[in-house]
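Structure record follows, encoded as structure tokens.
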Amino acid sequence: MKNTIKQLRHSSQFMVGFVILVAILLLIIIYPIFVTADPLEMVGRGTFFKPGTYVSVVDAVTDGASTQKSYTLNLDTSASRLNARLSMEDREAMVDWLVRFGGVAEGGISTSDDDVPALLELWSEKYDSTNPQKGLIAAKKKYYVRLDKSLKELNNSTDMILAAQGEDGLEQTGTIADDSYVNVKDIANQRTFILGTDNFGRDVLTELVAATKTSIIIGLIAGVVATAIGLFLGLFAGFIGGVVDDFIMFVTNLFTVIPSFVILILISYSVGASARGVTMVAVIIGLTSWPWTTRSVRSQVISLRNRDHVNMSKLSGHSVIRIILVDILPYVASYVVMAFILQISSGILAEAQLSMLGLGPATTTTATLGLMMNWAMTYTAHLNGSWWAYFPVILTIALISFSLNLMNTGLDQVFNPTLRD
Amino acid sequence: MKMKKLMAIMLSLSMVVTVAACGGGEQPAPTDGTADVSAPEEAPTEEPAAEEADTAGDTAADESAAADPNSTPREETLYFAGQQWGTINDWNPMSSNSNNGMAMTQAGSARELVWETLFMYNMLDGKLYGLLGTEYAWNDDQTELTVKLNPDAKWNDGTQVTAADVAYTFDTHVKYESPTGADFSAYIDSVEAVDDTTVVFHAKVDGSGVAVNPLKVLDYIPKVYVMQKAYLETVEARNNNDANAIKQDKMEDMVSSGPYKPFYADDQKVVIQRDDNYWGQAASMWGKLPAPKYLAHMVFSGNDTGLVALKNGEVDVAQMFVANVQDLWEKDGLPISTYIDEAPYGICAAIPTIWFNTKRDGLDQKEIRKAIAMAVDYKQINEAAMTGQSPTFEEVPRSIMNTTGAEQKLIDQAALKDYQFGNDVEAAKKILDDAGVVDSDGDGIREYPAGNNLSFKAECPEGWSDWNATLEIIAAAGKDIGINIETYFPDASTWTEDQTTANFDILMATPNGTASISCPWQRAYEFMSSDNNDAEVKTFGNFGRWQNDRVDELLKLIPLEQDEAKLKEYYTELSQIYLDEVPSFAAMYRPAAFHIVNESVWTNYPQQDDGTNVPPYDCTDGYGVAALYNLTLVEE
């Protein structure tokens, strides 16, 4: 045993896989200690808020207005705003409009940085949204209206006046200068979404951690169920042989021929949504993925069956159960461990596939990796550029199965001398 | 060793790809709720279509276009998305299972492309505009509706559209018990051709000589296609007057009056071609032909493929829900726009509704129904499910009316203040506590009747993304107040069956009565009428089989009432009862039809405040068809 562990520590594949898995496990254990929010809480009102820190606008404004909490920085705010918001395309579009409808001669104004103030001036003088703008499509007209609105905001470098609803209309309560800044750390109300929010406005990272945990639990249960069934049937079929073997192999072959995923879908569907909790889904997955374990365990047992020590046990009159447990099981144990690891990995993938079809656990009760992908796809996250809603999920699934498979290969090399380098 | 490592990496990668690929192949059902909301009457016709779209599978629509000998010049063709989900099965207005969404929809705002109705409904001003008919008038006691026909109106075989055609159309519908005939024969006694251009609709009257429902008589004229008598006789003859055979006749050789006729149809696209002899170019009607020579509709596998085509400019007009539609122009800078430039981007005339089955234990208690309705986070539905494309319930407070000014003026909002509820979880809990519906065994779920955990299934079709999200939000609301609500997303036909046979606990569906002349009465009727409550199958509304005598009385009074003040009183009272008893409740407001246009090829689509008064109804439905006559090509 000690020797085996030592060998494993020297297997780079096993160690890489092991480290990745432990890192994921640590994340799902430690993260919830620090972030106690309900992973299913719909925090954001709206779909797919992008990753970043969100600060309260009211806090920022009131802090900015108070003399204690605001800072004055000697930076040209309107210039950087212009650079950030007035792209070259916008400038070209403005020039285009001025030439077509504003009576400006072609070449009379350029889009270069130097000409920007002149361009803006000309724009505010000439642009008129009520101009019929013949030949312009409606989408473009609307674009100019939006552009004009944002330019008016940009140009405004006078103090912003704060007002509150008083008894006789609005009453001024303060002003904010253009060069006034606040420190984000001072703002009381803020929330960071490292991976943004999903289509329900749920924090993706928190949800992802909870989902990973659920998926690993599903994988473990499915792995245990599948390996237990496979091992049990394989041991008996291989050791007893004869009619028992024929019958077990008949059933196993049946299950091998029918694609297990189809059976999985049918069972999940017939069980019904209300019964499909995490455990139930895991058990269903386990119940449909045992055949290959049975077959391989059986073939190993057959080769063990006629070894001398087994025959000795038989001669000594030991019971079948005892022979299987004491004389055969230890010899297939290493293989079973590897099969178990692969079963966990495929269980996690099967859950993801099922949930994507809407046959997994309910959305409101648990978060799973498959459900997250299902909703990201339903809300076309892949088309509207909301990568944070699905990419981290895919990456997590990939990492989990990658690490488990690496560990499996590492184990294989340790247990199987012919594979050692 | 190296190989092993490589294999391990390949294996993990391939597994991940399998998951992703599996997702790609299993697109949710395509309709996304949009096809049906406009009118549940269409539901039977469009649902089979939705199923077929699945079998149509991943056939890439644009691939076929390139190699297709029947492709039409881009600058003569207007491309649609979101109306047709499979191979067209017939062109027959009497059919009960037609899926011909591109050419035919007999609803409050009927599709006026191939067949035509007498009048066109305009949901912007709630008025009827002449098409085959020019004017209509009631007699004093609303028992006779006289319609004048346009003498210029011609069939596409050159003969005139006459009063006899109108009368024969109605008689045929009734005789062969088509869905239309079954619906209207309860309200229209007979249709009489007085002379070639004058037709009189005689309303059914009750014992005392009062019309049963004049509104339903009026509902007929913008809704039902006029068919030619001579052609109908041909169809009858070739089917030996057998009702089922006539209703299933494909009518590919039809004589119709509309501006377009069938051109090409297969499982990937449907094209109709302009009839250059169309009668409507007469000065008494449009005075010109519609601009696009061809109208084409690709059969997409789902909304996402439709969206890709819309973004690429391969689709001009899209009737589909696009999450965060404003990103298309604000972020992607595409020449795409909607009727209104700002949220809600469309005219929200439909009200997707959550229905309670009032025959179920627990849901027969108005306190429990109301508590569920109050626990729902409507802002979250508006923002997350509809991505803000709907006015909030603060902007348009709850009643039985939609958001249009024409309907809102028929209720007294001030009188409804005390009845209108919003999202208030604490108040909802209090209602339950006061009613004695409590959690006595400590499992977090309240019981009613004693010992029976309150547990319900909330149902809507699979793949209608915004509806699915809405029900998830409602399930979350149940959790907040100690009622177990699970979501259930079956296929669309199961959902339709559950809905009509009251085999559900909580169900999401849109009442009919969107953009139609019989609104808002039609909607009120569907929300609350107890007609056919004992029938096994109930097609129109009140799926939860709720019953209230005063409501039934009011619903009988409204169609006969012509005094607006009185109507306002009735509708306000109906709203009060509806909001107090909560037999169902509105989840959101939603456009009757989404109207997203890409101006890569065509422009001059209807826009709010453009002075044309053309409703954003997809350039095809009701008075929305007028948009086709205003379109122009984009100038380069």
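Here is the naming used below: chain letters follow the sequence lines, and residue numbers restart at 1 for every chain. These numbers come from the heavy atoms of this one structure, side chains and all, not from hydrogens, waters or symmetry mates.
Between the side chains of A/Lys141 and B/Gln607, no donor-acceptor pair of N or O atoms lies under 3.5 Å. Checked by atom type, the side-chain pair B/Asn324/A/Thr47 shows a donor-acceptor distance below 3.5 Å.
In plain terms, the two heavy atoms of A/Trp375 and B/Ala469 that are nearest each other are CH2-N, 3.7 Å. Minimum heavy-atom separation, A/Gly201 to B/Gln380: N-NE2, 4.3 Å.
Contacts of B/Lys479 with chain A are made by side-chain atoms alone, with heavy-atom separations under 4.5 Å and no backbone atom involved. Within the 4.5 angstrom heavy-atom criterion, no atom of B/Lys331 approaches chain A. Neither the backbone nor the side chain of B/Thr632 comes within contact range of chain A; no heavy atom of the residue lies under 4.5 Å from a heavy atom of that chain. Residue B/Asp377 touches chain A through its side chain alone, counting heavy-atom pairs closer than 4.5 Å. Using a 4.5 Å cut-off between heavy atoms, B/Ile473 touches chain A through backbone and side chain atoms alike.
A/Leu136 has its side chain out of reach of B/Glu635: every pair of non-hydrogen atoms, C-beta onward, lies at least 4.5 Å apart. Side-chain contact between A/Arg45 and B/Asn382 is absent, with no heavy-atom pair separated by less than 4.5 Å.
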Set out, in order, the CA-CA distance, both residues' side-chain angles and the distance that settles side-chain contact (heavy atoms from CB on, under 4.5 Å) for B/Trp329 and A/Lys142, then state yes or no.
CA-CA 10 Å; B/Trp329 57 85; A/Lys142 291 175 176 180; over 6 Å; no
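Here B/Glu342 contributes atom CD and A/Arg146 contributes atom CZ; the two are 9.5 Å apart, rounded to the nearest 0.5 Å. The distance from atom OG1 of A/Thr378 to atom CG of B/Asp466, rounded to the nearest 0.5 Å, is 11.0 Å.
Using a distance-only test at 3.5 Å, with no hydrogens or angles considered, no donor-acceptor pair links the side chain of A/Tyr143 to the main chain of B/Gly333. Checked by atom type and distance alone, the side chain of B/Glu599 never pairs as donor or acceptor with a backbone atom of A/Ile137 at under 3.5 Å.
For chain B, the option among A/Asn408, A/Leu40, A/Leu383, A/Thr380 with the highest count of heavy-atom pairs below 4.5 Å is A/Leu383. Comparing B/Asp327, B/Leu307, B/Asn468, B/Asn598 by how many heavy-atom pairs each has under 4.5 Å with chain A, the most go to B/Asn468. Here A/Tyr379 is the residue among A/Tyr390, A/Phe200, A/Tyr379 with the most heavy-atom pairs under 4.5 Å with chain B.
Taking a 6.0 Å sphere around CZ of A/Phe101, one finds it holds more than 12 heavy atoms contributed by other residues, nucleotides or ligands.
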